[in-house]
Structure formats: C-alpha cells, structure tokens
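Below: one structure, written as structure tokens.
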Amino acid sequence: MKAMLVNEKQGLVWTEVEKPQPKGDEILIEIYAVALNRADLLQRKGTYPSPKGWPAWMGLEVAGVVADMGEIAKEKSSLKVGDKVCALLGGGGYAEYVCAPYGMVMPIPKNLTLVEASALPEAYATSYLNLFYEGHLKPGQTAFIPAGASGLASVAIPMAKAFGARVITSVLSDEIVEKIKCLGADVIINSTLQDTSEVLKKEEENGHPVNVSMDCLSGEMLGKSLPYMADGGYWVVISTLAGIETKVLLRPLLTKSLHLVGSMLRKRSSEEKANLLSELVEKVWPKIESGQMQPSVYKVLPIEQAYDAHMILERCENIGKVVLEVRSEL
C-alpha cells in the first residue's frame, strides 16, 4: 500500500510501505478520505510525532470501509467487513489502509458521504470533549468559541447551538463575519476592530456572561477576558495559537470560583477515547442525521496534493474542513 511520508525538506511523498494487518482488537480500514488538522502541519515539521504504537505518518481522522477485523474486534464490535465507518486515530490516516482499535471506529451517520464523514471524528470528539466533559456546558448557558473560521469552530459552534447554548465567537475581518454567519453564532466579534474582552464585559453586563470557553487561541486575550466569565465558569485551553503567555488576575479567579483547564484529546487513553466516541454516536449522530448539525467541508483535494492542502491551512484560507480523497466513493 502507499502512505504519505515526509522527506528531509518537509515535503510530502506518496510512498510504498508495508500494508498493516489487524491485531486481535483492531479493525483494518480501507481509507477513502482523510481530513486535515493543524496537528498535521506540526507533524510534517517534526514537532508533533505520532504516539507510540501508531504509524509515523500523519492523519488523525478518516472514513472508509471495514476491510478486515481481528478476532476480538469481530466478537465485541457491532461492525462487520464491508461497513462504512469513520475513525479517530493517533496517526496513520494519510494512507490507503490503517488499523485502529475497534473502540475508535464508528459507523457513519445516515446520508453522509465518506468525504463528509472523514471530517467528523477528531473535530467532533474534540468539540464534545471540551464543551461538555471539560466545560460542563448546559442548555441556556453561553459558550465562547474563538477563531470562528477554523475547522474546529465550524463543528463546535453548531454543536453548542444544537444542545441549546448561546454562542459567541471571534474572527479577524468583516468578510469572515459574513462567511461564518451560517454557523449560527449569536455574537460574532471582529477582533481586528473590537476588543474581545470589552465585548465579553458588555455581554456580562447584559446578562450573558461566558459559562464555557473552548479556546484554541489563548495568549493575551485569555487573561483579559477571564474576569467576565460567569460564576463557576470553565475556560478550557486546547491550543495556544495566539501565544503561550497571558496575565491572569487572580481575584476574579478566586471570587467567581473559575476553572482554568488545559485539555488535549491526543493524550487521552484509548479507553477514554472509546467512551467519548460511543457517546458521540449515541448523542451527536442523531442530531447530524436530523439536520441540526452538518460537517463543513471547505475543499476536497486528491491525496497526491496533500502539500497543497497543508498550505491552505497554513494560509488560514479555509472556513471548515479540508479533506484529502484517497479513493473515489462508488
């Protein structure tokens, strides 16, 4: 089979490698599509390797067809050879085949293509984990999800809305404001023209303090905005794209009993991930099938153009997910 390897110049080369064989608890997936994540860019640059036990090449979420199953997987999984599935991986998705523990493999929601389904596992698991597990978001509360044009926000904003939350997000221009209105956020901040913390302060004064923030930016904005959260609020840091330092006023942290939480899906055990994915299938897939939420695919490119796809993310061009097609769906 072929997989996308990184050369010494950080280029991507579609290269012949050994085809994996499923262990007892694994499912072998014939990959049709793989969705991109910013972690892929870091891995291409050599700063974010695959966890132990996973292939060295990139790819955290795929969709395809069950090609083979280990004996334990056959016994314990409801899936069977020939089923269309999507899967959350530790790595190895930029390839023609991949093996994954059966608990990391999910049926795809009804009426979705495999390209659309490839955009589900990582983004939906990350959003659900940080909004509901770490953030304890409840209906009627307010969620702040910055970087509203990102692939992750294109999932998290509709997800929070589908579960009855009010949503505030931020982007960098009025042009992007118009592009993401379809996601349904109640307030969209143009952070180039507006001070995010001042907007959140006014929201608090108007009775809508932030209960949960799922923050991929962090940096200076975090510390300035934290005081305007609701009592007992959760600010969940999932990345630091806007900087690794901030100034936190401790008095509001104390008097409002705030929670500043760091969270990484990739560091969770396979058992934790399997439990999370099971809850996704139970609670989120029906909302996708009913049309309350839909994966947002910005662009589809053939796997051979993986480097071009990376550049789309590098330039922050995408509104939604970029997907690489490995095989054409029948």
Side-chain angles (χ1 to χ4, degrees), residues 36-42 45 123 126-127 130-131 135 142-161 165-230 233-249 252 258 260 262-263 296-299 309-322:
L36 271 65
N37 291 274
R38 289 201 169 272
D40 301 351
L41 308 184
L42 298 176
K45 296 172 183 177
T126 297
S127 297
N130 293 302
L131 290 174
T142 296
F144 175 46
I145 304 169
S150 66
L152 187 57
S154 73
V155 170
I157 293 171
M159 182 180 290
K161 293 293 295 179
R166 187 171 185 275
V167 177
I168 303 170
T169 190
S170 62
V171 295
L172 292 173
S173 71
D174 285 338
E175 179 184 4
I176 301 175
V177 168
E178 293 302 316
K179 287 182 178 179
I180 71 159
K181 280 184 176 179
C182 60
L183 298 178
D186 298 275
V187 178
I188 305 175
I189 302 167
N190 179 348
S191 58
T192 301
L193 302 177
Q194 299 170 280
D195 185 316
T196 296
S197 63
E198 286 299 317
V199 175
L200 297 185
K201 180 180 179 181
K202 289 178 182 177
E203 288 292 310
E204 182 188 33
E205 291 170 350
N206 291 331
H208 299 294
V210 172
N211 300 95
V212 179
S213 176
M214 192 183 88
D215 185 8
C216 65
L217 297 179
S218 303
E220 182 182 4
M221 178 270 297
L222 191 165
K224 291 174 64 178
S225 301
L226 202 65
Y228 309 117
M229 295 197 78
Y234 291 82
W235 195 289
V236 185
V237 176
I238 64 171
S239 190
T240 56
L241 297 176
I244 62 172
E245 294 183 352
T246 195
K247 181 180 179 181
V248 174
L249 296 176
L258 302 179
L260 183 57
S263 176
S296 175
V297 176
Y298 173 73
K299 196 166 190 177
H310 275 219
M311 292 304 103
I312 292 174
L313 265 65
E314 292 272 16
R315 294 189 295 265
C316 299
E317 290 178 5
N318 56 303
I319 309 291
K321 281 284 193 174
V322 178

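Here the closest heavy-atom approach between residue Gly184 and residue Ile157 is recorded as C-CG2, 4.4 Å. Between Lys321 and Leu36, the shortest heavy-atom distance links the atoms NZ-O, 3.1 Å. Here the closest non-hydrogen pair linking Ser127 and Ala156 is OG-CB, 3.5 Å. Across all non-hydrogen atoms, the minimal contact from Val248 to Leu226 is CG1-CD2, 3.8 Å. Nearest heavy atom pair, residue Gly243 against residue Ser218, reads O-CB, 3.9 Å. Taking each heavy atom of Asp215 and Leu217 in turn, the nearest pair found is OD1-N, 2.8 Å.
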Step by step, would you call Val322 with His310 a side chain to side chain contact (heavy atoms under 4.5 Å, CB included)?
CA-CA 9 Å; Val322 178; His310 275 219; over 6 Å; no
Applying side chain to side chain contact (heavy atoms under 4.5 Å, CB included), run through Glu203 and Arg166 and close with a yes or a no.
CA-CA 11 Å; Glu203 288 292 310; Arg166 187 171 185 275; 2.7 Å; yes
Steps toward side chain to side chain contact (heavy atoms under 4.5 Å, CB included) verdict (Leu222, Leu260):
CA-CA 10 Å; Leu222 191 165; Leu260 183 57; 4.0 Å; yes
Take Asn318 and Lys299 through the test side chain to side chain contact (heavy atoms under 4.5 Å, CB included) and record every step on the way to the result.
CA-CA 8 Å; Asn318 56 303; Lys299 196 166 190 177; over 6 Å; no
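Residues Lys181 and Val177 form a side-chain contact, since some pair of their non-hydrogen atoms from C-beta on lies under 4.5 Å apart. Between Trp235 and Ser225 there is a side-chain heavy-atom pair separated by less than 4.5 Å. At least one side-chain heavy atom of Glu317 sits less than 4.5 Å from a side-chain heavy atom of Tyr298. When side chains are defined from C-beta on, Leu152 counts as touching Ile238, because their heavy atoms get closer than 4.5 Å. Under the 4.5 Å side-chain criterion, counting only non-hydrogen atoms from C-beta, Ser154 is not in contact with Ile319. With contacts defined as side-chain heavy-atom distances shorter than 4.5 Å, the pair Lys224/Asp195 qualifies. Counting heavy atoms from C-beta outward, Ile145 and Leu131 have side chains that approach closer than 4.5 Å.
Other residues, nucleotides and ligands contribute only 12 or fewer heavy atoms inside 6.0 Å of the CD atom of Glu220. More than 12 heavy atoms of other shown residues, nucleotides or ligands fall within 6.0 angstrom of atom CD in Glu314. Enclosure of atom CG in Leu193 by more than 12 non-hydrogen atoms of other residues, nucleotides or ligands within 6.0 angstrom is indicated.
Counting only distance, with no hydrogens or angles, the side chain of Lys161 and the backbone of Ala185 share no donor-acceptor pair below 3.5 Å. When atom types are taken as modelled, the side chain of Ser170 and the backbone of Pro146 share no donor-acceptor pair closer than 3.5 angstrom. Asn211 places a side-chain N or O within 3.5 Å of a backbone atom of Thr142 that can act as its donor or acceptor partner. In this structure, Gln194 contributes its side chain and Asn190 its backbone to a donor-acceptor pair below 3.5 Å. Listed for the Thr192 side chain is a donor-acceptor partner under 3.5 Å among the backbone atoms of Leu172. With Thr246 contributing its side chain and Gly219 its backbone, the two residues share a donor-acceptor pair below 3.5 Å.
Atom CG of Leu183 and atom OG1 of Thr169 lie 8.0 Å apart (nearest 0.5 Å). Atom CZ of Arg38 and atom OG of Ser150 lie 8.0 Å apart (nearest 0.5 Å). In this structure, CD in Glu205 is found 8.0 Å from NZ in Lys202, a value given to the nearest 0.5 Å. With values rounded to the nearest 0.5 angstrom, Asn130 atom CG is found 6.5 Å from Thr126 atom OG1.
For the pair Glu175 and Lys179, the salt-bridge criterion is met [side-chain N within less than 4.0 Å of a carboxylate O].
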